[in-house]
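Positions are given from 1 along the sequence. What you see below is based on every heavy atom in this structure, not just the backbone, and it leaves out hydrogens, waters and symmetry mates.
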Amino acid sequence: MESICRTAWERRAAAHARRVDALVEPHLERRRDGRTHPVHDFLFTYYSQRPAQLRRWHPGYGVRLLDAPSYAGLKGYDDGAVTSAYVGSQRPLLVALSRLLRATAARPANLGCFGMHEWAMVYRLFEDETRHAGWPLRLGPAGTDAVVESHRIACSHFDAYRFFTPAAAPLNTLSPAAHDRPDFEQPACLHAGMDLYKHAFRLTPMIGSDLVADCFELAWDIRVLDMRAAPYDLASLGLEPVRVETAAGKAAYAEAQRGFAERGAPLRARLVEECDRLLAVAAATSPERDPCEEPPRSQAGIGTLDNPIA
């Protein structure tokens, strides 16, 4: 096991905190002032990791922090290091995440949803009934409903689909559910890209915080596109809309979506590598494996955006 002296790990911990503070501090300031933000608050309210947890740096399993009393008592730690017993206790999570990440990576990218999930979340609602009622709809309620009714809705992400209005849910051509995410999620989905951050922090403290921060920054950028393409008028926040109700807007959205899928592919692969590494530790810790559990496969089993596994 590698060991890091206090001077070295404190330097790395401080650098990590500075990196995420650029995005975290504005949220904390708004929270102190009782203000909300329809775009950026999502990463701190929908996702369960608190800002203080995001700021704390972890080296990941296999590294011991010397002279680290501030880590004593933290989840998974003993004597400055994440224990193999803790990794073994997380085997169900590791198996589930590995399966989901691999299935998503292996599926061809779908660039044809055009962000209609956000529109379906406000379908047939009055403006004061929407999730972001303080922000008007660009096209008004009737115009928004007309866009939904004139498009094919094909949302593959359960955690977006479950927020469709009752009138919009039957319009979706897919029926994703909480238990079958690996059967639906695809690498160009904006919410699947943002969820890489969720998967990363769920693996904390077993993986290094650099990977968590990489996923957080990707989620931040994706969320901006997600709301620029939404039906809300956010021009006062300096966010020019991506007018997905037009041909030009659809092309711009698909191009941005492809770019995020390409950015997400190596992060997804790194998360799979970490799951494989940690599953090997878990197997050594608790060799009795569920006979129905698939063993981890090599990195060669991960597809890319342009070369998905059949």
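Taking each heavy atom of Pro205 and Val82 in turn, the nearest pair found is O-CG2, 3.5 Å. The two residues Arg107 and Pro182 come nearest to each other via the heavy atoms NH2-O, 2.8 Å. Of all heavy-atom pairs between Thr204 and Lys75, the closest is O-NZ, 3.4 Å. Annotation for Leu225 and Phe260: closest pair CD2-CE1, 3.6 Å, computed over non-hydrogen atoms.
Remark: Ala96 pairs with no residue by the side chain to side chain contact (heavy atoms under 4.5 Å, CB included) rule, at least two apart or across chains. Legend: residues meeting side chain to side chain contact (heavy atoms under 4.5 Å, CB included) with Asp145, ordered by chain and number and at least two apart, are Tyr123, Arg124, Glu149. The side chain to side chain contact (heavy atoms under 4.5 Å, CB included) test applied to Arg202 returns Leu93, Leu97, Lys198, not counting sequence neighbours. Asn110 pairs by the side chain to side chain donor-acceptor pair (under 3.5 Å) definition with nothing, not counting sequence neighbours. For Thr246, the side chain to side chain contact (heavy atoms under 4.5 Å, CB included) partners two or more places apart in sequence, or in a different chain, are Arg243, Ala248. Every salt bridge (charged side-chain N to carboxylate O under 4.0 Å, His left out) that Arg181 has, sequence neighbours left out, goes to Asp159. Annotation: side chain to side chain donor-acceptor pair (under 3.5 Å) contacts of Asp128 (sequence neighbours excluded): none. Taking the side chain to side chain donor-acceptor pair (under 3.5 Å) definition, one finds that Tyr253 meets it with nothing, sequence neighbours left out. With sequence neighbours left out, His157 forms a side chain to side chain donor-acceptor pair (under 3.5 Å) with Asp195.
Residue Leu267 is tested with Val272, Leu101, Leu218 for a side-chain contact (heavy atoms from CB on, under 4.5 Å); the sole match is Leu218.
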Under 3.5 Å, which donor-acceptor pairs link side chains of residues 231-238 to any protein atom two or more places apart or in another chain?
residue, atom, partner, partner atom, Å
Asp233, OD1, Ala235, N, 3.2

task: Step by step, work out the side-chain hydrogen bond (donor to acceptor under 3.5 Å, both in side chains) result for His58 and Tyr77.
output: CA-CA 10 Å; His58 297 278; Tyr77 275 89; 2.8 Å; yes
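Not one N or O on the side chain of Glu127 forms a donor-acceptor pair closer than 3.5 Å with the backbone of Ala133. A distance-only check finds no donor-acceptor pair linking the side chain of Arg64 to the backbone of Met1 [under 3.5 Å]. A donor-acceptor contact shorter than 3.5 Å is absent between the side chain of Asp33 and the backbone of Arg35. With His132 contributing its side chain and Trp135 its backbone, the two residues share no donor-acceptor pair below 3.5 Å. Under a 3.5 Å cut-off, the side chain of Thr173 and the backbone N or O of Ile153 do form a donor-acceptor pair.
Leu174 is not connected to Trp119 by any chain of hydrophobic side-chain contacts under 4.5 Å among Ile, Leu, Val, Met, Phe, Trp and Tyr, and they are in different clusters. Phe164 and Phe184 are members of different hydrophobic clusters when ILVMFWY side chains are connected at heavy-atom separations under 4.5 Å. Connection of Leu203 to Val95 is established within a shared hydrophobic cluster, with ILVMFWY side chains joined at heavy-atom distances below 4.5 Å, either directly or through further cluster members.
Geometrically, Arg131 does not engage Phe42 in a cation-pi contact defined by less than 6.0 Å to the ring centre and at most 45° from the axis.
Between Asp183 atom CG and Phe158 atom CZ the span is 13.5 Å, to the nearest 0.5 Å. Note that the CG atom of Leu65 and the OG atom of Ser70 stand 8.0 Å from one another [nearest 0.5 Å].
Crowding of Arg152 atom CZ: a count of heavy atoms from other residues, nucleotides or ligands under 6.0 Å not exceeding 12. Around atom CZ of Arg99, no more than 12 heavy atoms belonging to other residues, nucleotides or ligands sit under 6.0 Å away.
Remark: Arg258 does not engage Glu255 in a salt bridge, criterion side-chain N to carboxylate O under 4.0 Å. Taking the charged nitrogens against the carboxylate oxygens, Glu245 and Arg138 do have a contact shorter than 4.0 Å, which makes a salt bridge. Under 4.0 Å is where a charged nitrogen must lie from a carboxylate oxygen, and between Arg31 and Asp41 no such pair does. Between Asp276 and Arg102, at least one side-chain N (NZ, or NE/NH1/NH2) sits under 4.0 Å from a carboxylate O, which counts as a salt bridge.
Sorted by first and then second residue, the side chain to side chain donor-acceptor pair (under 3.5 Å) pairs involving residues 5-22 (not counting sequence neighbours) are Arg6-Glu10, Arg6-Asp67, Arg19-Asp214, Arg19-Glu217, Asp21-Arg55. Screening residues 83-115 for ring pair (Phe, Tyr, Trp, His ring centres under 6.0 Å), with sequence neighbours left out, gives no hits.
A donor atom on one side chain and an acceptor atom on the other are found under 3.5 Å apart for Asp226 and His117.
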